[in-house]
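We count ligands from 1, going down the list as the structure has it; atoms in each ligand are counted the same way. No hydrogens, no waters, no symmetry mates; every other heavy atom, side chains included, goes into these values.
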Amino acid sequence: MTAATFETGLVNALQPVRFHALAIALYQFFETGLFTYLKEKPCTSLATVSADLEMDSWRLEAFVLYLRNEGYVELDENSRVSLSQTAIDLEPFRPWYTMMIGGYTPTWMGMGKALMAKSGPAPRDLRQVGVGSCGISNYDAIPLTRRLMALSPTACTRLLDLGCGNGMYLVYFCLALEGLEHAWGIEPSAESCEDARKLVTQHGLDDRVSIIHGTAASALKVDNELSPNFAVIGFVLHEILGQAGRQGVVDFLKGLVGRFPELSLVVIEVDGKLADIKHMGDGLGLAYYNPYSTLHPFTLQKLESPSFWEAVFHDAGLKILACLTTDTNVDSTGLEIGYLLRCAD
Ligand SMILES: C[S@@+](CC[C@H](N)C(=O)[O-])C[C@H]1O[C@@H](n2cnc3c(N)ncnc32)[C@H](O)[C@@H]1O
């Protein structure tokens with residue numbers, strides 16, 4: 001066993017700093033397009049990479065050497081660079097980097113100021129939160145929504161996605177559900193609306209999908225042509241709860257089913273269990289839900305328990321037709337919960 005020295009203590013103490021730098025570097029690896037480039041063109045010289053991607057060759061070399069030292073790229077004797085297996089294995093998890101690093105790094109940096117009494121919320125990058133969240137949903141919330149939809153007595157033919165982020169749900173459901181005639185997405189971030197319109201166009205769905213810039217509440221007010229028979233509200237009620245309080249959520253849900261009485265709703269929420277060390281102390285709890293749940297009070301979002309939401313649904317005149325959690329292969333914590341709801345008779 002090595003004797004403890006100042007240096008061994010320092011190495012231990014610097015592990016969070018090392019991983020802080022690494023998480024941001026991996027986010028940039030994806031965002032700059034370097035990852036995708038190397039995936040498509042392995043074994044390319046640094047000179048060619050910098051020319052093709054119009055990157056500064058000196059800084060690119062430093063970035064690539066840093067990633068090599070951390071085990072994410074390999075360099076041969078002729079300075080040709082390729083992704084390592086570790087990097088290839090990382091790709092499915094990119095959306096977690098998009099949301100937690102791209103979306104919420106400003107929040108962590110603003111946390112000290114926002115901790116003070118009478119301070120406002122810390123900033124976040126809503127566009128990256130939307131893109132990342134939708135990417136994560138691809139693995140957990142979208143399959144959960146499908147399982148809940150399959151339990152509905154009515155088929156989804158006209159879908160409304162409230163807080164649609166980059167529009168991934170809308171595209172997914174248009175492609176997955178043959179009987180889906182039209183889908184509407186409502187989203188308050190102008191940049192996310194831009195992303196959503198682009199994604200819809202890329203998939204040739206302009207005639208089946210409309211993106212509306214506004215809050216979920218505006219779906220009730222605006223003079224628009226909405227006629228949904230199904231709504232998905234994925235990780236958005238806790239946003240409305242932070243913005244408008246419990247009564248605000250109840251009034252919003254009442255207004256929604258008041259305007260569309262035949263509506264079936266799928267609501268996806270995260271059980272707020274930050275105080276429960278059993279859930280937060282290891283595995284996905286420690287790796288994801290602990291930081292994720294901590295960010296919420298700092299950005300005007302309020303995670304709550306299933307019993308809280310069930311009482312809200314009751315007060316809004318909704319009945320619960322089904323309640324499920326994620327596939328345990330993806331997330332075994334049981335913290336992500338989906339409800340299928342309809343107007344109580
Ligand atoms: C965590 S993301 C969820 C994105 C997507 N629904 C999903 O399931 O992955 C939360 C989204 O809610 C949006 N949002 C925030 N406040 C909202 C409100 N009052 N009405 C509708 N959407 C809202 C945010 O802009 C963001 O795109």
Side-chain angles (χ1 to χ4, degrees), residues 94-96 98-104 106-107 121 123-146 148-149 159-173 183-197 199 209 211-222 224 226 228 230-253 255-256 265-270 272 288-289 291-293 295-296 298-303 326 330-331 335-339:
R94 174 177 175 173
W96 281 263
T98 310
M99 185 169 93
M100 296 300 279
I101 303 298
Y104 283 118
T107 313
R124 59 178 164 155
D125 182 329
L126 213 47
R127 178 185 224 162
Q128 293 299 74
V129 169
V131 174
S133 175
C134 287
I136 296 171
S137 293
N138 222 6
Y139 293 91
D140 53 24
I142 290 181
L144 180 55
T145 302
R146 277 210 84 167
L148 287 161
M149 274 182 173
L159 177 68
L160 174 62
D161 183 355
L162 294 154
C164 68
N166 77 338
M168 189 181 277
Y169 276 60
L170 298 163
V171 167
Y172 173 88
F173 283 107
W184 297 265
I186 305 237
E187 170 55 52
S189 154
E191 289 175 322
S192 297
C193 285
E194 214 179 281
D195 290 343
R197 289 191 187 106
L199 196 70
V209 181
I211 305 294
I212 301 164
H213 180 214
T215 62
S218 67
L220 310 177
K221 285 194 203 127
V222 289
N224 52 36
L226 296 178
F230 232 100
V232 290
I233 313 179
F235 312 103
V236 172
L237 285 190
H238 65 244
E239 301 256 11
I240 301 176
L241 182 62
Q243 296 159 15
R246 186 185 190 280
Q247 196 54 46
V249 179
V250 171
D251 291 345
F252 161 68
L253 289 171
L256 189 64
L265 290 88
V266 169
V267 168
I268 311 284
E269 272 304 325
V270 172
Y288 176 64
Y289 285 108
Y292 171 87
S293 307
L295 292 163
H296 283 67
F298 288 88
T299 47
L300 262 194
Q301 306 178 75
K302 202 159 188 303
L303 297 179
T326 41
V330 174
D331 178 350
L335 293 178
E336 193 169 312
I337 296 151
Y339 292 96

### Message
Which protein residues come within less than 4.0 angstrom of ligand 1, counting heavy atoms only?
### Response
L126, S133, C134, S137, G163, G165, Y169, E187, P188, T215, A216, G234, F235, V236, E239, I240, Q243
### Query
H296 vs Y104 aromatic rings, parallel, tilted or perpendicular, using cut-offs 30° and 60°?
tilted
### Query
Is the closest side-chain donor-acceptor distance between H238 and E269 under 3.5 Å?
yes
### Summary
d(L256 CG, L162 CG) to nearest 0.5 Å is 6.0 Å
### Message
What I want to check is whether the side chains of T299 and Q301 have a donor and an acceptor closer together than 3.5 Å.
### Response
yes
### Message
Assess, by modelled atom type and distance only, whether the side chains of Y172 and D161 contain a donor and an acceptor separated by less than 3.5 Å.
### Response
no
### Query
What orientation do Y289 and Y292 show, parallel under 30°, tilted 30 to 60°, or perpendicular over 60°?
perpendicular
